[in-house]
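Presented below is the structure to which this report refers.
Reminder, nothing fancy here: chain letters follow the sequence lines and each chain counts from 1. These numbers come from a predicted model, not from an experiment.
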2 protein chains.
Amino acid sequence: MAGRMPIKPDTSCSSCRVRELCLSVGLKPADAARLSEIIPQRLKIKKNAALFHAGEPFRSLYAVRHGCFKTTISSEAGRGQLTGFQMPGELLGIDAISRNRYACDAVALEDSEVCPIHFAQLERLSRELPSLQHNLNRTLSQEVVRDHEMLLSLGNLNAEERLAAFFLDLSRRMECRGYSPNAFVLRMTREDIGSYLGLRLETICRAIAFLRSNDIVKVSGRAVEILDPPRLKALLAGKTDDHIARRAI
Amino acid sequence: MAGRMPIKPDTSCSSCRVRELCLSVGLKPADAARLSEIIPQRLKIKKNAALFHAGEPFRSLYAVRHGCFKTTISSEAGRGQLTGFQMPGELLGIDAISRNRYACDAVALEDSEVCPIHFAQLERLSRELPSLQHNLNRTLSQEVVRDHEMLLSLGNLNAEERLAAFFLDLSRRMECRGYSPNAFVLRMTREDIGSYLGLRLETICRAIAFLRSNDIVKVSGRAVEILDPPRLKALLAGKTDDHIARRAI
DNA sequence: CGTTGGTTTGACTTCGATCAACCAGTGTGG
DNA sequence: CCACACTGGTTGATCGAAGTCAAACCAACG
């Protein structure tokens with residue numbers, strides 16, 4: 001359990017910075033307070049430590065309070081796939097509900113903090129609070145929508161388009177959390193991005209080089225700056241943009 | 001609404017052939033009866049007719065009673081992705097919960113029948129019936145798990161492996177429904193399979209030809225017979241099977 | 001410092017996309 | 001009844017995007 005330590009029981013949803021992104025969204029203060037009650041203590045997870053592993057028995061969902069996680073699954077054949085990056089307000093462990101065991105590994109990409117939500121208690125409480133119940137259903141459905149969008153990416157887009165979609169997704173999520181949508185720091189390696197997008201890390205590097213050489217983004221190390229959001233979106237929309245040079249001459 | 005017609009109100013979950021695969025699984029007879037109550041009438045959908053379209057307002061989930069559906073999403077750029085095939089007992093429309101609009105098109109692959117489940121009523125009822133509530137949560141989570149497995153396929157497997165995984169998935173689902181796992185009829189075209197697996201239809205044909213030439217499956221038209229289940233599984237497990245000939249000489 | 005993990009770039013290979021031709025059913029209208 | 005168009009499936013030839021292998025680079029850090 002190295003890297004997993006409980007912290008002081010100060011977990012009020014109503015005062016949480018990400019309350020408008022989490023299960024508590026739209027809840028009346030009294031209801032949010034009841035949700036807080038079933039979250040006895042937050043948990044700190046150190047960078048590179050696992051919050052849970054695939055196969056472990058399922059007890060709780062975890063809401064990311066701050067920091068960032070990645071979730072990965074792997075096949076018997078040893079192939080691995082990164083299934084998502086979770087930012088504050090997002091839930092970890094929803095793929096565990098169906099079989100009562102976590103289906104993926106969840107690893108912190110930086111020192112992070114989560115709110116454990118005992119699932120049986122959450123189900124019980126959401127029988128009393130219709131809006132909590134609906135929030136949970138909406139969150140699960142939202143994950144399905146996100147996954148289908150990823151399937152569309154992997155099935156239809158080339159490397160540069162996938163990377164553009166990835167940057168735009170991060171951009172949107174940063175904006176939702178009150179940060180600049182056009183300048184942010186990546187929490188993950190090129191290899192992680194590659195695994196997520198179904199590409200090799202070298203291909204990610206080359207796709208970044210391509211975007212950079214067209215002055216669409218500025219990337220140095222993990223720092224990303226989106227210089228030309230419209231062109232980045234146009235790339236995705238499949239518009240053959242004449243201003244984009246495949247190779248600088 | 002051509003192709004959509006209501007039929008006589010004989011919708012008892014407790015006597016349904018797929019009750020053990022649907023939301024009604026494990027419900028006490030009295031509870032199953034209450035679930036039936038919120039399903040006033042079944043709906044027949046003709047082959048190639050749409051049950052719903054992306055963007056339409058969400059009212060109901062639909063449980064497939066018999067037949068088969070495909071769901072597809074498409075991007076602004078006109079790219080399309082097939083996100084799933086739904087067989088009896090499976091739910092259509094769960095990606096609509098999050099935004100109150102259907103996120104995909106659902107099209108019948110053969111003359112089919114569905115049970116519309118008004119979602120607001122389902123939520124209300126599941127507040128009273130914990131096991132129904134849990135079934136719904138498990139079903140949503142199960143869809144997430146399925147989608148993550150598809151991401152693993154698209155991100156890591158080559159054409160033959162994806163097709164093998166696809167056949168094995170169909171095989172398992174046929175078996176769950178009481179049919180032979182080793183002989184079944186495809187309801188979809190090669191193009192549909194290709195869209196689902198992120199490949200072109202020609203590649204599907206070639207992958208089929210490959211499996212056929214190794215006597216792993218017998219495929220003529222839509223009829224599939226799995227001749228050698230262990231070799232089909234071994235293919236997926238990534239074991240370099242010396243008995244598999246890449247090209248017949 | 002030297003080690004290490006992560007990133008970048010180059011050269012070459014390969015798998016699947018693309019384009020094209022052709023075939024088998026199947027339904028339609030003359 | 002036949003001619004035909006049409007849809008879906010198969011196979012071949014060619015090409016290109018991404019994978020693979022390799023080398024070098026860089027920043028962080030003990």
Side-chain angles (χ1 to χ4, degrees), chain A residues 47-48 70 79-82 107 109-111 153-166 185-213 217-224 235 238 240 244-248, chain B residues 46-48 70 79-82 107 109-110 153-166 185-213 217-224 235 238 240 244 246-249:
Chain A
K47 179 170 176 173
N48 292 327
K70 65 175 173 183
R79 253 80 76 104
Q81 176 71 26
L82 207 156
V107 171
L109 294 176
E110 59 184 316
D111 290 0
S153 276
L154 299 208
N156 292 278
L157 305 185
N158 66 26
E160 285 116 19
E161 291 165 337
R162 289 185 214 183
L163 186 67
F166 177 66
V185 174
L186 299 173
R187 252 69 241 212
M188 69 294 288
T189 66
R190 306 287 193 256
E191 190 170 13
D192 284 338
I193 300 174
S195 172
Y196 185 52
L197 299 179
L199 299 166
R200 300 286 113 187
L201 70 128
E202 296 95 325
T203 307
I204 300 298
C205 281
R206 283 184 244 269
I208 289 175
F210 165 75
L211 291 181
R212 188 167 25 215
S213 72
V217 299
K218 209 177 115 188
V219 182
S220 53
R222 303 269 177 105
V224 175
L235 201 61
T240 346
I244 290 184
R246 211 89 218 152
R247 56 200 74 234
Chain B
K46 282 237 165 287
K47 179 170 176 173
N48 293 326
K70 64 175 174 183
R79 254 80 75 104
Q81 176 71 26
L82 207 156
V107 171
L109 294 176
E110 58 184 316
S153 275
L154 298 208
N156 292 276
L157 305 185
N158 66 27
E160 285 117 19
E161 291 166 336
R162 289 185 213 182
L163 185 67
F166 176 67
V185 174
L186 300 173
R187 251 69 240 212
M188 69 294 288
T189 66
R190 305 288 193 256
E191 190 169 13
D192 285 338
I193 300 174
S195 172
Y196 184 53
L197 299 179
L199 299 166
R200 300 284 113 188
L201 70 129
E202 295 95 325
T203 306
I204 300 298
C205 280
R206 284 185 244 270
I208 289 175
F210 165 74
L211 291 180
R212 188 166 24 214
S213 72
V217 298
K218 209 178 114 188
V219 181
S220 52
R222 304 270 177 106
V224 175
L235 201 62
T240 347
I244 291 184
R246 210 88 218 150
R247 54 201 75 235
I249 308 171

In whole Å, I'd like the distance from the [atom1] atom of [X] to the [atom2] atom of [N].
X         : N       : atom1 : atom2 : answer
Ile204(A) : dG6(C)  : CD1   : P     : 15 Å
Arg200(A) : dA22(D) : CZ    : P     : 16 Å
Glu202(B) : dC15(D) : CD    : P     : 17 Å
Leu157(B) : dC15(C) : CG    : P     : 15 Å
Leu199(A) : dT7(C)  : CG    : P     : 15 Å
Phe210(A) : dT8(C)  : CZ    : P     : 16 Å
Asn158(A) : dA17(C) : CG    : P     : 13 Å
Leu186(B) : dT10(D) : CG    : C1'   : 16 Å

Could you tell me whether the phosphate oxygens of dA17(C), OP1 or OP2, come under 4.0 Å of any side-chain nitrogen or oxygen in Thr203(B)?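 Yes, Thr203(B) has a side-chain N/O under 4.0 Å of OP1/OP2 on dA17(C).
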Phosphate-side-chain proximity, Arg190(B) and dT7(D), N/O vs OP1/OP2 below 4.0 Å: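 Answer is no, no contact under 4.0 Å.
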Nearest listed nucleotide, side chain of Leu201(B), among dG6(C), dT9(C), dT10(D):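 My answer, after comparing the listed nucleotides, is dT10(D).
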Donor-acceptor pair present, Glu160(B) side chain and dC15(C) base, under 3.5 Å: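 Check fails, no donor-acceptor contact within cut-off.
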Has the side chain of Arg206(B) got a donor or acceptor that lies under 3.5 Å from a partner of the other kind on the base of dT18(C)? yes
Please test Ile204(B) against Phe166(B) for side chain to side chain contact (heavy atoms under 4.5 Å, CB included), starting from the C-alpha separation and ending with a verdict. CA-CA 11 Å; Ile204(B) 300 298; Phe166(B) 176 67; over 6 Å; no
Specify the closest pair of heavy atoms between Arg190(B) and Ile208(B), including all atoms of both residues, with the distance to one decimal.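 Heavy-atom minimum between the residues: NE-CD1, 3.4 Å.
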